[in-house]
Amino acid sequence: MHTIKLFLFIVPLVISSKIDQDYSSYDSMSPEPKSRFAMLDDVKILANGLLQLGHGLKDFVHKTKGQINDIFQKLNIFDQSFYDLSLQTNEIKEEEKELRRTTSKLQVKNEEVKNMSLELTSKLESLLEEKNLLQQKVKYLEKQLTSLTKNQPEIQEHPEITSLKNFVEQQDNSIKDLLQTVEEQYRQLNQQHSQIKEIENQLRRTGVQESTENSLSSKPRAPRTTHFLHLNETKIVEHDDIPANCTTIYNRGEHTSGIYSIRPSNSQAFNVYCDVKSGKTSLKRKWTTISSGSSWTVIQHRIDGSQNFNETWENYRYGFGRLDGEFWLGLEKIYSIVKQSNYVLRIELEDWKDNKHYIEYSFHLGDHETNYTLHLVEITGNVPNALPEHKDLAFSTWDHKAKGHVNCPESYSGGWWCHDVCGENNLNGKYNKPRAKTKPERRRGIYWKSQNGRLYSIKSTKMLIHPTDSESSE
């Protein structure tokens, strides 16, 4: 550009000098050779200016070419950014479609839960009507039996009347059990219904650019659907009265592990899993001896992680899971059993190398007003103790904190007994496969850390109870 300006400045000077020379030639009428030499100098000056102009144009072309290349590079970057933006837009549209499909599925499930709730309500009403009808029949039969007894005291009760009376009592007990199960399932359906409503609200609050996975996992502690203890998988001992615990069933001749129905004192009948021990392991203490050949009541069992144990306080209180798989019997049922007499708690552990360990305690369990406080005293075992002894351990879950106790379930998943520190033995924690990747995740798994610092990674657990005096359960 500077060269062009210089050329434009020189050319007028050259032309003006040429014109002046022409005029001077006319005025002075100088000789011809002198004018010829003057014109040759003007041509040289003009040629030099054109040469500089050419160099300037060449530099200008190179600079313009570089600027054009930069513009093309920026255009390519813009095209790539626009392409990436279009891909992200398509992904967002797909996620929006998936979110809408998930919302539709949740709405369908919500309708199904509502229909099931209505069906259960109608069944519950029909069962109540049948119960009232049977109670009226039982009262009528009792009146007839009373009148027959008064009129004919010397005649013994007819076998058919006795069998009828027993049948009516059994039917009444079955109806009570069914009513209790229906009420628990109805309560669980209500919880599921409220959870679905909450998820729907979260989905409505979620923006279009938020992925489906993030929107569905906004409440990580929400309990999963719980399978309740099944009353139809029963192996009831055929006696006039239902036994109080597994030891009574064993003493009556049932020496096979399985699901049985028991009725502790001042309690409704319910099903438990009785584990028959046939080895020669014996438990000795100052006042009691539990010999080999006995039946233990299983209150907790974990084998493969198929059941979620990060449940609510209500579910831990009344029980969840399947008696033929993973389950928690329920704090209320455990308390109804152990309040009858002194009991022993046995914990059986199996690690990932198939090594089996056990430890046994004498214990006392409080009722729901004390948050089912547990007091332990170790008796025997082949694994170091990890549970605090001679302390009141209150049971806590993520939605129920005992006053004056540390809130362990916030970082230790699953309900458990704790005191002033979070124990290294949460047998109701999250079930992990061996070799968890990160330490925090490992702390949430099933583990047993003894007081000497050794940590056992547990594959399966079983918690059992047994009366200290077998004869007292007769």
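Contact annotation: the side chain of Ile299 approaches that of Leu345 to within less than 4.5 Å [non-hydrogen atoms, C-beta and beyond]. The shortest side-chain heavy-atom distance between His368 and Leu331 does not fall under the 4.5 Å cut-off. Contact check for Trp416 versus Leu393: no side-chain heavy atoms found under the 4.5 Å cut-off. Side-chain atoms of Arg322 and Glu326, non-hydrogen and from C-beta on, never get closer than 4.5 Å to each other. The side-chain heavy atoms of Val344 and Ile465, taken from C-beta on, include no pair separated by under 4.5 Å. For the pair Glu95/Leu99, no side-chain contact is recorded, criterion being any heavy-atom separation below 4.5 Å from C-beta on. Side-chain atoms of Ser122 and Leu120, non-hydrogen and from C-beta on, never get closer than 4.5 Å to each other. No side-chain heavy atom of Trp313 sits under 4.5 Å from any side-chain heavy atom of Trp398.
What you find for His301 and Thr461 is that their closest heavy atoms are CD2-O, 3.1 Å. Closest approach of Asp275 and Ser257 over heavy atoms only: OD1-OG, 3.5 Å. Minimum interatomic distance between Cys246 and Thr297 (heavy atoms only, all atoms of both residues): SG-OG1, 3.2 Å. Smallest separation of non-hydrogen atoms from Tyr335 and Gly366: CD1-O, 3.5 Å. Asn266 approaches Lys339 most closely through the heavy-atom pair O-NZ, 4.3 Å. The shortest non-hydrogen separation linking Ile242 to Ala269 is CD1-CB, 4.0 Å.
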Run the numbers on Lys277 and Leu464 for side chain to side chain contact (heavy atoms under 4.5 Å, CB included), then give the verdict.
CA-CA 11 Å; Lys277 303 293 184 184; Leu464 314 93; 4.1 Å; yes

Worked verdict on Leu134 versus Ile175 for side chain to side chain contact (heavy atoms under 4.5 Å, CB included)
CA-CA 10 Å; Leu134 285 174; Ile175 290 174; 3.0 Å; yes

Evaluation steps, ring pair (Phe, Tyr, Trp, His ring centres under 6.0 Å), between Tyr316 and Trp328
CA-CA 7 Å; Tyr316 266 102; Trp328 174 262; 5.5 Å; yes

Is there a side chain to side chain contact (heavy atoms under 4.5 Å, CB included) between Val272 and Cys274 once you walk through the steps?
CA-CA 6 Å; Val272 296; Cys274 297; 4.0 Å; yes

Under the salt bridge (charged side-chain N to carboxylate O under 4.0 Å, His left out) criterion, do Asp354 and Lys459 qualify, and how do the steps go?
CA-CA 8 Å; Asp354 296 332; Lys459 178 175 67 174; 2.6 Å; yes

Side chain to side chain contact (heavy atoms under 4.5 Å, CB included) between Val276 and Tyr250, worked out
CA-CA 8 Å; Val276 176; Tyr250 182 86; 3.8 Å; yes

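Thr373 places a side-chain N or O within 3.5 Å of a backbone atom of Thr370 that can act as its donor or acceptor partner. Looking at Gln340, its side chain does come within 3.5 Å of a backbone N or O of Ser265 through a donor-acceptor pair. The backbone N or O of Leu106 lies less than 3.5 Å from no partner atom in the side chain of Asn110, so there is not a single donor-acceptor pair. Judged purely by atom type and a 3.5 angstrom limit, Asn115 uses its side chain to pair as donor or acceptor with the backbone of Glu111. No donor-acceptor pair under 3.5 Å is formed between the side chain of Asn315 and the backbone N or O of Gly319. The closest donor-acceptor contact from the side chain of Ser117 to the backbone of Val113 lies at 3.5 Å or more, if one exists at all.
For the atom pair CG (Leu376) and NZ (Lys391), the distance works out to 12.0 Å, reported to the nearest 0.5 Å. Between the CD atom in Gln300 and the NZ atom in Lys462 there is a gap of 10.5 Å [rounded to 0.5 Å]. Atom-to-atom distance recorded for Glu314:CD and Asp399:CG is 8.0 Å, nearest 0.5 angstrom. One finds the OG atom of Ser261 at 8.0 Å from the CZ atom of Arg263 (value rounded to the nearest 0.5 Å). The CE atom of Met463 sits 11.5 Å away from atom CZ of Arg302, with the distance rounded to the nearest 0.5 Å. Separating the CD atom in Gln307 from the CG atom in Asn428 is a distance of 11.0 Å, to the nearest 0.5 Å.
In summary, of the residues considered (Phe363, Phe395, Tyr361), a ring pair (Phe, Tyr, Trp, His ring centres under 6.0 Å) with Trp417 occurs for Phe395 alone. Of the candidates Ile337, Leu365, Thr468, Tyr343 forms a side chain to side chain contact (heavy atoms under 4.5 Å, CB included) with just one, namely Ile337. Among Ile259, Leu329, Ile262, the one residue that satisfies the side chain to side chain contact (heavy atoms under 4.5 Å, CB included) test with Asn271 is Ile259.
Within 6.0 Å of atom NE2 in His255, more than 12 heavy atoms from other residues, nucleotides or ligands are found, so the atom counts as buried in its surroundings. Dense packing is recorded around CZ of Arg101, with more than 12 heavy atoms of other residues, nucleotides or ligands lying under 6.0 Å away.
The closest side-chain donor-acceptor pair between His400 and Asn371 falls under 3.5 angstrom.
Residue pairs meeting the side-chain hydrogen bond (donor to acceptor under 3.5 Å, both in side chains) criterion with at least one partner in residues 76-89, sequence neighbours excluded, are Gln80-Asp84.
The six-membered or imidazole ring of Phe309 lies away from that of Tyr431, with a centre-to-centre distance of 6.0 Å or more.
For the side chain to side chain contact (heavy atoms under 4.5 Å, CB included) test, residues two or more places apart in sequence or in another chain that qualify with Gln135 are Lys131, Asn132. When the salt bridge (Lys or Arg N to Asp or Glu O under 4.0 Å) test is applied to Glu91, no partner is found at least two apart in sequence or on another chain.
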